[in-house]
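Here is the naming used below: chain letters follow the sequence lines, and residue numbers restart at 1 for every chain.
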Amino acid sequence: MSEPSLAPYRAFEPDPRPVPVPYDPQLEPGLGSFLDLVERVPLRAHTIVENRAHFRTVIPDMASQAEGRGVVWEDRVVAGPAGSPDLEVTIVRPASVSGARRPGILGIHGGGYVLGTRFFATGDLIELAERHGTIGVAVEYRLAPEHPAPAAAEDCYAALAWMAGHADGLGIDPARLVVMGASAGGGLSAAVALMARDRGGPALAGQFLGCPMIDDRNDTVSSWQYDGIGAWDRNNNDAGWDACLGAARGTDAVSAYQAPSRATDLSGLAPAFIEVGSAEVFRDEAVDYAGRIWRTGGRAELHVWSGGYHGFGGFSPDAIVSRAAIEARESWWRRVLREQG
Amino acid sequence: MSDQNTPTAQGAPGIAPVPFDPELLPELEAIAAEAGPALTEENLPSIRVAASFPDAATATAGRPVTAEELSIPGPDGAPDLEVTVFRPSAQSPTPLPILVNFHGGGMIVGHRSWEHSRIVDLVERHGAVGVNVEYRLAPEHPFPAGVEDNYAATCWVAEHAEELGGDPARVIVMGGSAGGGFAAAVALMSRDRGGPAIAGQLLLCPMIDNTNSSVSSRQYDGIGTWQRDANLLAWRCVLGPELAYSADAPAYAAPSRAEDLSGLPPAFIEAGAAEMFRDENTEYAGRIWATGGEAELHVWSGGCHGFDIYAPDTELARAALASRDSWLRRVLGRSRP
């Protein structure tokens with residue numbers, strides 16, 4: 001018998017590599033800024049610590065994020081999953097709260113499951129509080145590789161359970177709880193939605209999956225189109241999934257809570273909003289996930305923006321495509337937050 | 001016995017459909033209650049006559065848009081084509097983009113007047129020239145009559161762009177449902193035949209897959225707008241009994257049959273999540289991207305086929321229109337003279 005391989009999982013390489021979809025020309029300056037500011041050091045197993053330190057300098061603290069905005073915020077510590085440490089959360093509320101119960105949003109930050117803090121998710125919660133009067137909770141979940149998957153998803157689920165269990169005190173309408181996140185935060189949101197279904201609650205009114213990172217196999221056409229190209233290219237993606245899953249990566253041992261694309265049953269989930277760029281690694285896995293939800297009779301909305309790089313809205317906010325993406329999101333929020341009659 | 005020309009699961013729903021958006025339900029109920037003559041081949045003449053829509057003068061009344069009826073050459077050996085040309089009333093110092101529209105109706109019913117108001121809106125919002133094309137319908141005129149008419153019209157428009165006040169570098173082909181299928185086919189034909197340069201293809205819930213084999217084609221069997229039976233009838237009328245649902249059907253009839261989707265103009269593809277064409281539309285976008293081509297895809301949650309036409313005053317329809325407008329601004333802005 002041969003020795004077990006110590007080499008990490010890698011998908012079979014197509015030859016030739018598929019031609020990438022070009023970027024929207026209006027997005028190219030923003031992509032340059034993204035690469036200069038966020039991905040100064042390529043993410044690899046040995047650069048995770050360095051990238052974390054850098055990431056922290058990129059994200060403004062809560063006081064600066066909230067300054068001049070129509071919100072109030074507070075930090076709290078809440079119970080983690082059974083047998084695991086407590087969780088730090090930041091609660092973001094509209095500054096003027098009426099007596100009415102507000103929708104509650106669990107905001108889950110991105111960063112490839114290995115980077116970032118909850119303050120990478122609070123920007124969206126501030127926007128939503130201002131525009132829709134929502135009460136947001138950003139959760140500090142455990143990162144890989146120190147805490148392999150599904151530790152992060154369990155932390156996020158625990159935060160959701162805390163929100164539902166404390167809805168009265170928080171002023172949240174428990175019938176309008178939504179999970180949201182982008183990139184790894186989108187993957188964790190999808191995982192939390194699966195857990196909420198399988199564990200009989202909390203009931204979710206929606207799951208917002210921005211360019212979600214959900215498939216550890218990294219073997220779609222789009223994952224090969226962005227090999228060494230663009231924001232969060234396939235090599236970064238390999239580094240993130242290696243950290244999450246170690247030797248189990250790419251095997252049948254990977255569970256749906258670790259990588260939601262692995263779920264064999266996508267029926268009975270909360271209505272999904274799935275958004276992705278056509279010019280990024282996650283395009284095909286996002287489209288596949290939406291398609292599999294629909295084929296079960298489930299509700300999902302899918303937007304694939306032409307020429308969009310990973311996270312294009314954040315670094316190219318004034319491009320026409322970015323403004324349209326915000327409009328489409330806003331429309332979904334209006335629909336999903338409608339009070340049920 | 002399995003026959004590739006027999007669509008699976010005909011008349012046998014059993015796959016839970018994606019539910020409709022709640023805001024669409026009153027309109028869907030009203031449509032179901034109207035229940036005109038069943039869509040059968042025998043009823044096509046009466047259905048065609050029964051649906052009447054405003055003519056061009058009515059569609060432009062009170063709008064800063066003019067309308068002109070033209071007769072242009074059809075394909076070689078075929079009759080001339082009637083088209084309606086819409087233009088902004090104000091003279092433009094620069095050539096305008098041109099939208100060439102093919103109406104919906106399953107390739108078996110419909111008239112360009114059905115979509116005059118959609119085109120007038122776009123002409124007004126985008127400062128474009130709109131050309132709304134009348135093509136021949138099946139089964140009287142089966143494939144390739146309709147698509148050759150639409151290709152001939154597109155060639156004529158490109159050649160006469162300047163007379164129309166338009167910019168030949170910014171010709172967009174567009175349509176909804178059958179019209180979206182025609183627009184996709186015209187884009188393929190123009191690529192393959194070295195025809196006019198097309199700046200974009202705007203495909204609204206396009207009818208492109210004759211096999212009726214997707215999950216969504218079975219989810220809307222007996223429910224919704226444009227149901228499975230109608231689609232089966234339409235493809236049989238267009239392709240005849242032999243090729244109706246066959247994987248060997250020609251690509252210019254059913255663009256999903258095209259083996260190569262590379263080198264096409266940028267595509268905008270929109271569908272409802274709660275309609276037959278959802279899966280074929282999503283697949284078409286995916287196959288364009290896989291070649292490195294440009295496509296934008298929007299699948300609106302709970303949208304029925306043609307939701308923006310049936311229920312324009314809804315959150316869903318307004319959002320879908322905003323996305324279309326955004327794409328048109330992007331694709332037209334890139335090649336502005």
Which portion of Val221(A) sits near chain B, non-hydrogen atoms under 4.5 angstrom = side chain
Modelled atom types, side-chain donor and acceptor of Glu294(B) and Ser306(A), under 3.5 Å = no
Looking only at Gly293(B), Ala295(B), Ala319(B), most heavy-atom pairs under 4.5 Å shared with chain A are made by Ala295(B)
So, Arg334(B) and Gln26(A): side-chain donor and acceptor under 3.5 Å apart, yes or no?
-> no
Can we call the ring centroids of His298(B) and Phe268(B) under 6.0 Å apart?
-> yes
State whether Trp333(A) and Arg131(A) meet the cation-pi test: NZ (Lys) or CZ (Arg) under 6.0 Å from the six-membered ring centroid, and within 45° of the perpendicular axis.
-> no
Is a side-chain donor-acceptor pair under 3.5 Å present for Asn210(B) with Arg257(B)?
-> yes
Go through the atoms of Pro25(A) and report whether side chain, backbone, both or neither lie under 4.5 Å from a heavy atom of chain B.
-> side chain
Taking atom types as modelled, find out whether Arg102(A) and Thr134(A) have a side-chain donor-acceptor pair closer than 3.5 angstrom.
-> no
When the 4.5 angstrom heavy-atom criterion is applied to Thr296(A) and chain B, the contacting part is backbone
What part of Arg295(A) lies closer than 4.5 angstrom to a heavy atom of chain B: side chain, backbone, both or neither?
-> both
Identify which part of Ser262(B) has an atom lying under 4.5 Å from any heavy atom of chain A, answering side chain, backbone, both or neither.
-> neither
Under 4.5 Å heavy-atom distance to chain B, tell me which part of Arg323(A) shows up: side chain, backbone, both or neither.
-> neither
Whatever's closer than 4.5 Å to a heavy atom in chain A on Arg318(B) counts as neither
With a 6.0 Å cut-off on ring centres, are Tyr309(A) and Trp232(A) close enough?
-> no
Pick whichever of Ala300(A), Ala272(A), Ala324(A) has the most heavy-atom pairs under 4.5 Å with chain B.
-> Ala300(A)
Using a cut-off of under 4.5 Å for heavy-atom pairs, which of Glu330(A), Glu327(A), Arg334(A) has the most such pairs with chain B?
-> Arg334(A)
Side-chain donor-acceptor pair present, Asn231(B), Trp226(B), cut-off under 3.5 Å = yes
Okay, Ala290(B) and chain A: the region with an atom under 4.5 Å from a heavy atom over there is both
Chain A contact via Asp325(B) - side chain, backbone, both or neither, heavy atoms under 4.5 Å = neither
